[in-house]
Structures are given as structure tokens and as C-alpha cells.
Undergrad: 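The structure that follows is given in the form of C-alpha cells.
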Amino acid sequence: MSEVGALLREDLRGRTAYGAPQLQVPVALNTNESSYAVPQSVVDAIVAEVSAVAPSLNRYPDREFTMLREQLAGYLTRTTGVEFDIDQVWAGNGSNEVLSHLVQTFGGPGRTALGFTPSYSMHPIIAQGAGMAWVDGLRRGALESGAFDIDLDEAVRQAHEHDPSLVFLCSPNNPTGTALPLEIVTAVYDAAPNAVVVVDEAYAEFARPGTPSAVTLLQGRERLVVTRTMSKAFAFAGVRLGYLAAAGDLTELLRLVRLPYHLSSVTQAVARAALSHADTMLEMVEAIKTERDRMVEQTRSLGFMPVASDANFVLIGGFADAQQTWQALLDQGVLVRDVGIPHHLRITAGTPAETDEVLAALADLAPGHRQQASEETP
Ligand SMILES: *Cc1c(COP(=O)(O)O)cnc(C)c1O
């Protein structure tokens, strides 16, 4: 062990870091980014906003990011029909930072976080990084039907059993893609009376019509939090801007742990410019959903087993050996994600041309890479 290795916190020993490969490939469909560049009209607005703040970069940014919160509250109000004021909105450098603020404020050593696996791999990493105990709650459907749905009674039972300080729900869920019925959110909220319940809605804008957002549940539930991000639907992963909606009493407490001036003047300016052009930024969402649905239909015709998706990706089952198919696709210049679920790969919905490429590659591979009926998990 190296000299510093010996100094590492005991509870971090043996851990591996988050590490989705960042490879230069013709078709990158592994981290659920948008394949579409930021539109030129928004690029121009960004450049103008940054240029306006550049002379004042000798000063610290607005610590309260007031104008940005106003715009985020406006965006949420406009798109969800639920009225938000700026005290109910908080933001950070990616929703990962916002999640980390929640964990630092309501979690920490001696406390337990509960999530339902498979879900977003950063939830346990952030919780454990802050010294929390992590409980891998089970999605009963994952074991029985391959549908990955959370079973309401089972979720309630696990919430009672573990009495967590934090519960992570993810809807639409990454990596499985399906949105959560709101009854599960309210049931888990009621079953975990000492918990802040976080609904990670990173993919909300991609949900199929009629899928309700958990923001409609916030009124009267002071322990409920809904996190969102500009990384996915806004095609803005490089900016690092995530946010949350919750009761004003809750967001107030997050100021205890955030680093002062955590959102730079440049980040605030860039995010404001994009939010002023939200409609343009979101223009490609429908096109991406079309490609997602095409990927579901076509991979099913190829004999694979795609999971119903409300996100900008599809989890596809039915591979004999997911790792082998992952490599074979990479050999053809297509990078997808092996999320560690046996026989499954997750593929981001990109442009029509990218969908064509990935489908052609899968059609090519299907005969040798399809799971045989006898190998299917019962
Ligand atoms: C991509 C993703 C995020 C986004 O994180 P950022 O830090 O905002 O880029 C959050 N939650 C889930 C479930 C995701 O898949």
C-alpha cells in the first residue's frame, strides 16, 4: 500500500471511483448526453451574457444566485403548472452537487440512506462518501419479471425496516428508464417519517405523455425534494447546472453546507442565457424521444428485450454476454453502457443517424449475441 493509501479513511478503502469511460468514438451513446450541439442563437446569447459579466470577474459571484433562481422557478412554474417562488429552488454544479448538499445536510455518519437498486450509481457513492450507511433496497420486479418496477408494499416494508434519514427515488429511473407512479413516492414518504425523500427527475422532460412529476406532490410535504438538471434535456452537460425544488424551509438549511460562492459568475451567466432560450434548448427533446421509441421497437424486432422508457435512453436485455456485446459494438465505433446488470446494455437515444448505426450494428451482431431461451433468467 502506498504511503497515502495507508492514510485513507477506513470506510473508503477498497472502493472504486465513478468511471464511465470517456473514449473518442464516432458514436458516443454511453452517458445520456444530448447528441445535438447547442443551437447557434443560444451560443450567441451565452457569449453575450459571459461578455457582460467578464469585467466583474474580479468580484465573487452573487452567492444567492438570485436571478438564476428566479429563472429556474419560472421554468418550473411554466412547464409543470405548479407555482414556484425562488425560495423553493436551489442549484449547484450539476444535480450531483445538489444531491451532495442534501446528503451533507440530512445524512452523514451514523445515518442511513435507502435507494432501490438498480438505480443511479451516484446515489450510493455520494451517500457513502459522506460516511452514510447505504441500504440497497430491492425492486422486486427486477428479480421476478425483469421489468424493474418498484413494488409498493416491498418499498414500504423496507422503509419501515431501515428508518432511513434519506431515501433516493429516481423517476424516470436510470438505468432502467421507467418513470415511477406517484403512489410509490407518497407511500415511501409516509413510511419513512424521519427521512428527506429525494426524487431524482434528471430525465423528467423525456417522460411519455401523461407521466406526472413529483413536483405536484411538494405542497404540504416539507421533507420531499425533487432534483432536476440541465445536463440532459437542455443539452447542457458541459455547463454543470443542476437544481432542486423543495419547501423554502428545506432549501434554507442547504446554505449550512454549500461552499460559499459555489456557482461561479460564468456558470450563472451561461445558465441564465440558456433558460432565457428554454424553448430553443428543448427543441430536440421530441426528436430524441422519437429515436428512443424507434430503438425500443427495433431492438424488440431483433429479438432483444428493451425496457419501457420515459428517458433519453433504453435499457435493453437479452444479450448472451453484455460485456462481449459492449466490446463488439465498440469495435464498430459505437460506445454504449454496460451498467452491470447481467444480459443488459443501456443505450442513449441520439440522432437518427446514430440510431441507424447502432441498430445496424445490433442487427449484425444479433444472431451470435442474443441470449438463448434456455439461458434466460427465470
Ligand atoms: C445524468 C443524471 C444526473 C445528472 O447529473 P448532473 O450532475 O446534473 O450532470 C442526475 N441523476 C441521474 C439519475 C442522472 O442519470
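All ligand and atom numbering here is 1-based and tracks the order in the structure.
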Undergrad: Just jot down the ring pair (Phe, Tyr, Trp, His ring centres under 6.0 Å) partners of Phe116, sequence neighbours excluded, or say none.
TA: none
Undergrad: What pairs of donor and acceptor atoms, side-chain ones from residues 80-87 against any protein atom, are under 3.5 angstrom apart with sequence neighbours left out?
TA:
residue: Thr80; atom: OG1; partner: Leu76; partner atom: O; Å: 2.6
residue: Thr80; atom: OG1; partner: Val82; partner atom: N; Å: 3.1
residue: Asp85; atom: OD1; partner: Asp87; partner atom: N; Å: 2.9

Undergrad: Show the atom names and distances, to 0.1 Å, of all donor-acceptor pairs under 3.5 Å that link a side chain in residues 121-131 to residues at least two apart or in another chain.
TA:
residue: His123; atom: NE2; partner: Asp200; partner atom: OD2; Å: 2.9

Undergrad: Would you call Arg157 and Glu154 a salt bridge, using N to O less than 4.0 angstrom?
TA: yes
Undergrad: Please determine whether a side-chain nitrogen of the Lys or Arg among Glu286 and Lys289 lies less than 4.0 Å from a carboxylate oxygen of the Asp or Glu.
TA: yes
Undergrad: Any carboxylate oxygen within less than 4.0 angstrom of a Lys/Arg side-chain nitrogen, looking at Lys232 and Glu205?
TA: no
Undergrad: Can you tell me which residues line ligand 1 if we count any heavy atom under 4.0 angstrom from one of its atoms, in chain and number order?
TA: Gly94, Ser95, Asn96, Tyr120, Cys170, Asn174, Asp200, Ala202, Tyr203, Thr229, Ser231, Lys232, Arg240
